Number of protein chains: 2
Amino acid sequence: MNRLPVAERREQLIEAALAVASRDGIDAATVRAIAAEAGVSLGVVHYCFQDKDELLRAMAHAITSQNLARSLGDLPEHADLDTVVDGVVDALWTGISESRGPQLLSYELTTSSLRHAELNQVAIEQYRGQWSAAEQVLELIERTAQIGWAIPRSQVARAIVAVIDGYSLAWLVDADGEQARAGLQGFGQFLKTLAVPAALEPDEGDHASVGAPDGATA
Amino acid sequence: MNRLPVAERREQLIEAALAVASRDGIDAATVRAIAAEAGVSLGVVHYCFQDKDELLRAMAHAITSQNLARSLGDLPEHADLDTVVDGVVDALWTGISESRGPQLLSYELTTSSLRHAELNQVAIEQYRGQWSAAEQVLELIERTAQIGWAIPRSQVARAIVAVIDGYSLAWLVDADGEQARAGLQGFGQFLKTLAVPAALEPDEGDHASVGAPDGATA
DNA sequence: AGTCGACCTGGTCGGTTGTCCAAGTCAAGT
DNA sequence: ACTTGACTTGGACAACCGACCAGGTCGACT
């Protein structure tokens, strides 16, 4: 087998780990299986990574990064609110429905991270990335459709991630893509009701209750 | 150790498995750990269950059953729509936030089920139970508040389960109970906008667009 | 050409897992 | 009292895991 500097070998192993874990599940991503997938011998893994956990952390980091890069890559040019929201929802669902394995893997990683102390940072980093990506998508919508939101943008972002997670999970279980797509599109409709014209949004001090345009602060 | 008929011993082992898996994760629920938790010796497990998988399936079934029983146990007497929806959301979130371990376990079970053929039935049964429970809660709301829904009840039920899953997952990750509660309450608000007076709901043929109270059918 | 260090090999080790089994124990029925 | 069968015990086994290591290999620099 050809020789590689350790940095490149490391990336190759991360890709191999990603392939195995996406295909066969996180439990099947043993050091041996990853080495075999990469076509290297067993010892190489521990030559490039101190731990198996370090490899898994690197793999999770790679997923988060490329998720973030991908979700910001689809650029639905400037249009009105309906068009841009529908476009985002559509692109999003297409991206999900075409990658069942990685999608399932990300949930496996989340639960694993919440159980094993060595992976504690993985889940929070994963979700910080998703929330931040959702916020950036929202900013894009704000600019292209010239609107703001009736509730803080960060809360809208959390709602987006939550709804996507929920419908993705359901789709992974029952494989009913139409139900999932319909649900997400329904959420898109709801999103539009949260939009307010851009002019009267910047200086509004308190947003107390969620989803209640008629402020229930008092 | 005292002797038990196999049926009772089986239930005891299921409870022990539930305890171990909720506390330490599904991977920690080894045959030995379960036997130790139950205070029985190793061989008993395979005397009561043919497989470890059979035990896990039984455990998952127990979770589903008691989840269904619990979610229908909180009976928010007859009141107006606001009161009953807020009450349901509140009771729901209280139930979730008080059982972090089991909640996380249910997601571990879902992903495991989707990977291992021997557990294939677990996830779908889990979600069928949740969807059905959500539908029954919706029926309760319909009766107590004298309303119907702008979209088919089954789709509302799926939305409920999806939103709960999404916010629960986020809460498991970042431990921010207030954000989760706020998000669920916001969904409760949205739910109210889907309610229509009971009189004009039974004979409406087509429900085309989801989440659009201002009917976008035409 | 020769040396040095980065990179690779594959066997080995201790530990854990699910599964099995021969033997032991106890209550109930005769 | 004794037999029968349900229930229990704890050790044994093969398979697999992550980690480790002594030694081999090859490219690059002197």
Side-chain angles (χ1 to χ4, degrees), chain A residues 1-21 23-60 108-109 112-113 115-120 122, chain B residues 1-21 23-60 108-109 112-113 115-120 122:
Chain A
M1 96 136 308
N2 54 348
R3 301 197 151 209
L4 254 55
V6 61
E8 295 183 25
R9 182 69 73 200
R10 188 144 33 195
E11 288 196 25
Q12 181 197 358
L13 286 173
I14 291 173
E15 274 193 42
L18 202 51
V20 175
R23 186 186 344 114
D24 303 323
I26 200 175
D27 290 334
T30 67
V31 174
R32 284 163 228 269
I34 294 170
E37 176 83 17
V40 301
S41 64
L42 188 56
V44 173
V45 179
H46 283 89
Y47 179 76
C48 296
F49 297 91
Q50 191 174 13
D51 260 348
K52 181 197 176 183
D53 294 321
E54 188 181 311
L55 171 53
L56 255 54
R57 280 194 295 267
M59 183 189 74
E108 294 182 279
L109 270 174
S112 288
S113 163
R115 289 292 190 188
H116 307 312
E118 319 84 36
L119 301 178
N120 257 347
V122 167
Chain B
M1 101 135 305
N2 55 347
R3 302 198 150 211
L4 252 55
V6 62
E8 295 182 25
R9 181 71 72 202
R10 186 143 35 194
E11 288 196 26
Q12 181 197 358
L13 286 172
I14 292 173
E15 274 191 44
L18 201 52
V20 175
R23 185 187 342 115
D24 303 322
I26 199 174
D27 291 333
T30 67
V31 174
R32 283 163 228 269
I34 293 171
E37 177 84 17
V40 301
S41 63
L42 187 57
V44 172
V45 178
H46 282 88
Y47 179 76
C48 297
F49 297 92
Q50 191 173 14
D51 260 350
K52 181 196 175 183
D53 294 320
E54 190 183 309
L55 170 53
L56 255 54
R57 281 194 295 269
M59 183 188 74
E108 294 182 280
L109 269 175
S112 287
S113 164
R115 290 292 190 189
H116 308 311
E118 319 84 36
L119 302 178
N120 256 347
V122 167

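Keep in mind that this is a model prediction, so the values were computed, not measured. A note on names: the letters A, B, ... follow the listed sequences, proteins ahead of strands, and every chain is numbered from 1.
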- Task: Starting from C1' on D:dC26, measure out to CG on A:L4 and report it in whole angstrom.
- Result: 13 Å

- Item | Of A:G43 and A:D27, the one whose closest DNA chain D nucleotide lies more 5' | A:D27

- Task: Indicate for each nucleotide in nucleotides 22-30 of chain C, in 5' to 3' sequence, whether protein heavy atoms under 4.0 Å reach the base (B), only the sugar-phosphate (S), or nothing (-).
- Result: --BBB----

- Looking only at D:dT9, D:dT8, C:dG18, the nucleotide nearest the B:R9 side chain is D:dT8

- Message: Tell me which pairs pass salt bridge (Lys or Arg N to Asp or Glu O under 4.0 Å) where either residue lies in residues 25-38 of chain A, with sequence neighbours left out.
- Response: A:R23-A:E37

- Item | Nearest-nucleotide comparison on DNA chain C, the residue closer to the 5′ end among A:L42 and A:Y47 | A:Y47

- Query: Going by heavy atoms in the side chains, are B:I14 and B:F49 under 4.5 Å from each other?
  - Reply: yes

- Task: Examine D:dC20: is either OP1 or OP2 under 4.0 Å from a nitrogen or oxygen in the side chain of A:H46? Give yes or no.
- Result: no

- B:E8 CD to D:dA6 P, in whole Å, measures 17 Å

- Roughly how far, to the nearest 0.5 Å, is the CG atom of A:L55 from the NE2 atom of A:H46? 9.0 Å

- Query: If you check every side-chain atom of B:S41, which of D:dG10, C:dC8, C:dT12 has the closest atom?
  - Reply: D:dG10

- Task: Write down the distance between CG (A:L119) and C1' (D:dG18), rounded to a whole number of angstrom.
- Result: 14 Å

- Hey, does A:R115 have a side-chain heavy atom less than 4.5 Å from the side chain of B:I26? no

- Item | Heavy-atom check, side chain of B:V40 versus side chain of B:L13, under 4.5 Å | yes

- Query: In whole angstroms, how far is the C1' atom of C:dT19 from the CG atom of B:D53?
  - Reply: 12 Å

- Message: Please determine whether the number of non-hydrogen atoms from other residues, nucleotides or ligands lying under 6.0 Å from atom CD of B:E54 exceeds 12.
- Response: yes

- Query: Over how many whole Å does the gap from B:E118 atom CD to C:dG18 atom P extend?
  - Reply: 13 Å

- Would you mind classifying the nucleic acid contact of B:V6 as base, sugar-phosphate or nothing, using non-hydrogen atoms under 4.0 angstrom? sugar-phosphate

- Task: Using five pairs at either end of the helix from C:dA1-D:dT30 to C:dT30-D:dA1, determine the angle between the two local helix axes and round it to 10 degrees.
- Result: 10°

- Task: State whether the number of non-hydrogen atoms from other residues, nucleotides or ligands found under 6.0 Å of B:Q12 atom CD is greater than 12.
- Result: yes

- Between D:dC20 (P) and A:Q50 (CD): distance, integer Å: 8 Å

- Item | Separation of atom CG in B:L55 from atom C1' in C:dT17, rounded to whole Å | 15 Å

- Hey, which sits more toward the 5' end of DNA chain D by its nearest nucleotide, B:N2 or B:R32? B:N2

- Side-chain contact check for B:V44: nearest option of D:dT8, C:dG18, D:dG18 is D:dT8

- Counting only heavy atoms not in B:E118, do more than 12 fall under 6.0 Å of its CD? yes

- Quick one: SG on A:C48 to CD on A:E8, what's the gap to the nearest 0.5 Å? 11.0 Å

- Would you say A:K52 and A:I34 make side-chain contact, with heavy atoms under 4.5 Å? no

- Query: Atom CG of B:D51 to atom P of C:dT17: distance rounded to whole Å?
  - Reply: 17 Å

